[in-house]
K.L.:
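My questions will all concern the structure given below.
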Amino acid sequence: MGGEEKVRALTSLHFLASVQRNELEQSERPEGPYIVENNQVEEWRDLAHENWKQVTRIHVAIQPEYVTTSVVSDGAASRIFNGQQFPGSGDQLQAAGEALALSPERVMLKGLASGDLRRLPDLILQSVPHQAVQFTWAGSPVRIYLNADTHLPTAVEWESAFPFATFWSIWGDVTTRVYYSFWWLQNGIHYPLQADVVRNRLPDRTVTITKLDFNQELAPADFAISNETRAAFAARAKQTLGDRALGIPGQPASEPAPGIVFIPGPWNTTLVRQEDGIVVLEAPISSGYSAKVIEEAQKRFPGVPVKAVITTSDSWPHIGGVREYVAGGVPVYVLDRTVPLIRRLLHAPRSRYPDALAKAPRKADLRPVSSRTVIGSGPNRLELYPIHGETSERQMMAYFPEHKLLYGSDPFQQLEDGKLFYPQTVYELESAVLREHLAVERFFMMHIGLTPWAKVVETVRNAS
């Protein structure tokens, strides 16, 4: 890369980049093609003081662009949004740590300093002979794959967990491999302008640097975090997704109908009291969050068992808590097309942050739904139906016929002005209701509270 002396002499790195991120967690199909974010990133790495800053301009088709800034310095993380600074999370701390330690300008120096650097067998990578070495960083094995002809790092791979990350936390132990290419010579240093990030063999993102600066002078003020924000971060720094409190403060649970308890949250959940037990509608976020939902069910309905859980969507945050129910022997109703993804989730290794299923594995009772499926009897009996829309093909709805009440999964959301977004997926839900001849008066969803069904009809009519 230009020699150890030149690499060690780097005190800072600054770049502008375009980033194409595949929305692996919420695209129409787990195997792709994927919805793509086209983002612009500016990043500063203060290599001399272990500080990090990233400004990301995020753009997803049809949605308004927004900008977020993450800063990490002296063991604290913050986020800036709309000009206001908030405490960050362990997710930003982890991202900064990996950027400052495992990026091309630092990973080989970390290996030299590790104390356990060793050579691995040679291999063929991308049809080219490579040499490989391995060392331990932050308790994780890190492998560097060096082109046997050029001795430049083609790829760096490590294993870790992402307990603070909304999307990747559910997968337990994750293998990340970053491929480097499009090499550039500047100031005597060879540096890759393109990085392709692959996680668990899935194409996560491609980063293409458009402007690169070495040893730019950086001031402490560039990484300033207020004392108030630092204190707030310290109070929450070790809180994982599994530690998230149930619900939202100031937004109590409500009953759309007697015995149906709607719990608002970042991802809504619902308890359905039936004659022979409780049905939980949705198992989002994490095993820890599901444990809190089960505890709430026992408080509200003492002595009544949880007889089933329904997961209606294949978005990663939506299925994040399924493992807790499997650990408790609770049957899981899932769309037939989503069964392979759920099985992958249930078999994901979790050595770093083990949940109940990792500590005591057991066989899952998965109940695939391919057509109308009735659960329970009495006034709160419910019926499951696949939506089978073009963009909502991996979602299903739950209908309460006695209450003319529909749970519509998560094909669309509600904007601040009250409009339903996107019209296409609103149309798909209405079409599924018409196809099944359901008499719906009210509906609610993963991110929408109780709403008149007329709102759906109006949205489709206005877009037609």
Side-chain angles (χ1 to χ4, degrees), residues 19-39 56 58-66 68 89 91 95 162-172 174 176 197-206 241 244 265-269 281-287 289-290 310-323 334-346 348 386-398 407-415 420-429 432 444-448:
V19 179
Q20 288 188 313
R21 187 183 87 83
N22 291 321
E23 294 191 346
L24 304 171
E25 73 285 346
Q26 55 189 325
S27 293
E28 292 174 23
R29 300 178 182 94
E31 66 276 8
Y34 303 108
I35 300 170
V36 177
E37 287 182 10
N38 291 290
N39 305 330
T56 306
I58 300 172
H59 183 264
V60 183
I62 312 178
Q63 296 185 12
E65 180 181 274
Y66 68 96
T68 181
S89 73
D91 194 24
F162 296 90
F164 311 100
T166 302
F167 299 144
W168 283 101
S169 63
I170 74 167
W171 295 110
V174 175
T176 299
V197 182
V198 178
R199 282 183 173 167
N200 283 357
R201 300 185 179 181
L202 296 173
D204 183 61
R205 70 190 67 203
T206 296
L241 267 289
R244 186 189 290 268
W267 293 269
N268 300 329
T269 55
L281 189 49
E282 302 297 10
I285 311 176
S286 66
S287 296
Y289 196 81
S290 287
I310 303 167
T311 180
T312 71
S313 163
D314 68 341
S315 178
W316 292 0
H318 298 178
I319 65 174
V322 168
R323 290 172 55 96
V334 57
L335 187 71
D336 55 351
R337 296 172 179 175
T338 306
V339 168
L341 181 68
I342 295 296
R343 290 198 185 281
R344 182 154 61 93
L345 172 70
L346 298 178
I387 296 177
H388 284 173
E390 184 62 39
T391 59
S392 54
E393 67 175 33
R394 303 299 171 110
Q395 298 183 25
M396 62 181 179
M397 53 191 182
Y407 176 80
S409 189
D410 186 37
F412 56 86
Q413 298 190 27
Q414 190 168 25
L415 302 177
L420 303 180
F421 188 75
Y422 309 104
Q424 168 66 29
T425 45
V426 178
Y427 163 82
E428 292 176 12
L429 183 63
F444 65 110
M445 298 174 60
M446 177 74 75
H447 297 290
I448 299 177

K.L.:
Step by step, would you call T338 with T311 a side-chain contact (heavy atoms from CB on, under 4.5 Å)?
P.N.:
CA-CA 10 Å; T338 306; T311 180; over 6 Å; no

K.L.:
Would the number of heavy atoms belonging to other residues, nucleotides or ligands and lying under 6.0 Å from OH of Y427 be above 12?
P.N.:
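No - once you tally the heavy atoms of other residues, nucleotides and ligands closer than 6.0 Å, there are 12 at most.
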
K.L.:
Any donor and acceptor pair, going by atom type alone, linking the side chain of N22 with main-chain N or O of P203 inside 3.5 Å?
P.N.:
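Side chain of N22 to backbone of P203: a pair is present.
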
K.L.:
Kindly indicate whether a cation-pi arrangement holds for R199 with F167, taking the cut-offs as under 6.0 Å to the six-membered ring centre and within 45° of the axis.
P.N.:
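No.
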
K.L.:
Does S27 use its side chain to pair, donor to acceptor, with the backbone of Y34 at less than 3.5 Å?
P.N.:
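No; zero donor-acceptor contacts below 3.5 Å.
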
K.L.:
Are F412 and F421 close enough that their ring centers fall under 6.0 Å?
P.N.:
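No, too far apart.
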
K.L.:
Give me the atom names and distance for the closest heavy-atom approach of I170 to G320.
P.N.:
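Nearest pair, atom of I170 first, then G320: CG2-CA, 3.5 Å.
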
K.L.:
Return the orientation label for the W316 and W168 ring planes: parallel under 30°, perpendicular over 60°, tilted otherwise.
P.N.:
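Perpendicular: the ring planes of W316 and W168 meet at over 60°.
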
K.L.:
Show, in sequence, the C-alpha distance, side-chain angles and deciding distance for V19 and T56, and conclude whether the side-chain contact (heavy atoms from CB on, under 4.5 Å) test is met.
P.N.:
CA-CA 9 Å; V19 179; T56 306; over 6 Å; no

K.L.:
Please determine whether side-chain contact (heavy atoms from CB on, under 4.5 Å) holds for the pair F162 and T176, giving the CA-CA distance in whole Å, both sets of side-chain angles, and the decisive distance to 0.1 Å.
P.N.:
CA-CA 11 Å; F162 296 90; T176 299; 4.1 Å; yes

K.L.:
Is the backbone of T391 close enough, under 3.5 Å, to the side chain of E428 for a donor and an acceptor to pair up by distance?
P.N.:
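Flag set: sc E428 to bb T391 pair under 3.5 Å.
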
K.L.:
Rounded at 0.5 Å granularity, tell me how far CZ in R21 sits from CD1 in I35.
P.N.:
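Between atom CZ of R21 and atom CD1 of I35 there are 10.0 Å.
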
K.L.:
For atom CZ of R343, decide whether the heavy atoms of other residues, nucleotides or ligands shown that lie under 6.0 angstrom number more than 12.
P.N.:
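12 or below, so no.
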
K.L.:
CD/Q26 to OG/S313 distance, rounded to the nearest 0.5 angstrom?
P.N.:
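The distance works out to 9.0 Å.
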
K.L.:
Any non-hydrogen side-chain atom of H447 less than 4.5 Å from a side-chain atom of D410?
P.N.:
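SC-SC contact between H447 and D410 confirmed.
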
K.L.:
Between CG of L24 and CH2 of W171, what distance do you get to the nearest 0.5 Å?
P.N.:
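It is 10.5 Å, given to the nearest 0.5 Å.
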
K.L.:
Applying side-chain contact (heavy atoms from CB on, under 4.5 Å), run through S409 and M397 and close with a yes or a no.
P.N.:
CA-CA 6 Å; S409 189; M397 53 191 182; 5.8 Å; no

K.L.:
Can you tell me how far the CD1 atom of I342 sits from the CD1 atom of I319, to the nearest 0.5 Å?
P.N.:
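If I round to the nearest 0.5 Å, the distance is 4.0 Å.
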
K.L.:
For I310 versus M396, what's the shortest heavy-atom pair and its separation?
P.N.:
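For I310 versus M396, the nearest heavy atoms are CG2-CE, 3.8 Å.
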
K.L.:
The test is salt bridge (charged side-chain N to carboxylate O under 4.0 Å, His left out); show your working for E37 and R205 and say whether it passes.
P.N.:
CA-CA 9 Å; E37 287 182 10; R205 70 190 67 203; over 6 Å; no

K.L.:
Donor-acceptor check, side chain of N39 to backbone of H59, threshold 3.5 angstrom: yes or no?
P.N.:
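Flag set: sc N39 to bb H59 pair under 3.5 Å.
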
K.L.:
Can you name the closest pair of heavy atoms from L241 and S169 and give their distance?
P.N.:
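Closest approach of L241 to S169, heavy atoms only: CG-OG, 3.9 Å.
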
K.L.:
Check E28 against R394 and note the closest heavy-atom contact, atom names and distance.
P.N.:
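Heavy-atom minimum between the residues: O-CG, 3.3 Å.
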
K.L.:
Between P386 and R337, is any pair of side-chain heavy atoms under 4.5 Å apart?
P.N.:
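Not in contact.
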
K.L.:
Check whether any side-chain heavy atom of D314 lies under 4.5 Å from a side-chain heavy atom of L335, and answer yes or no.
P.N.:
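SC-SC contact between D314 and L335 ruled out.
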
K.L.:
Would you compute the distance between atom CG of L341 and atom CG of L346 and round it to the nearest 0.5 angstrom?
P.N.:
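Spacing of CG (L341) from CG (L346) equals 9.5 Å.
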
K.L.:
Please find the pair of heavy atoms, one from N268 and one from M445, that lie closest to each other, and give the distance.
P.N.:
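That would be ND2-O, 3.1 Å.
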
K.L.:
Say whether, by atom type as modelled, one donor and one acceptor occur between the side chain of S315 and the main chain of E25 under 3.5 angstrom.
P.N.:
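Such a contact is found between S315 side chain and E25 backbone.
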
K.L.:
Rounded to the nearest 0.5 Å, what separates atom OH in Y422 from atom CD in Q413?
P.N.:
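Answer rounded to 0.5 Å: 8.5 Å.
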
K.L.:
Take atom CD of E390 as the centre, draw a 6.0 Å sphere, and report whether it contains more than 12 heavy atoms from other residues, nucleotides or ligands.
P.N.:
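Open: at most 12 neighbouring heavy atoms sit under 6.0 Å from CD of E390.
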
K.L.:
Return the minimal non-hydrogen interatomic distance between A165 and D91, and the atom names on each side.
P.N.:
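So the minimum-distance heavy-atom pair works out to CB-OD1, 3.7 Å.
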
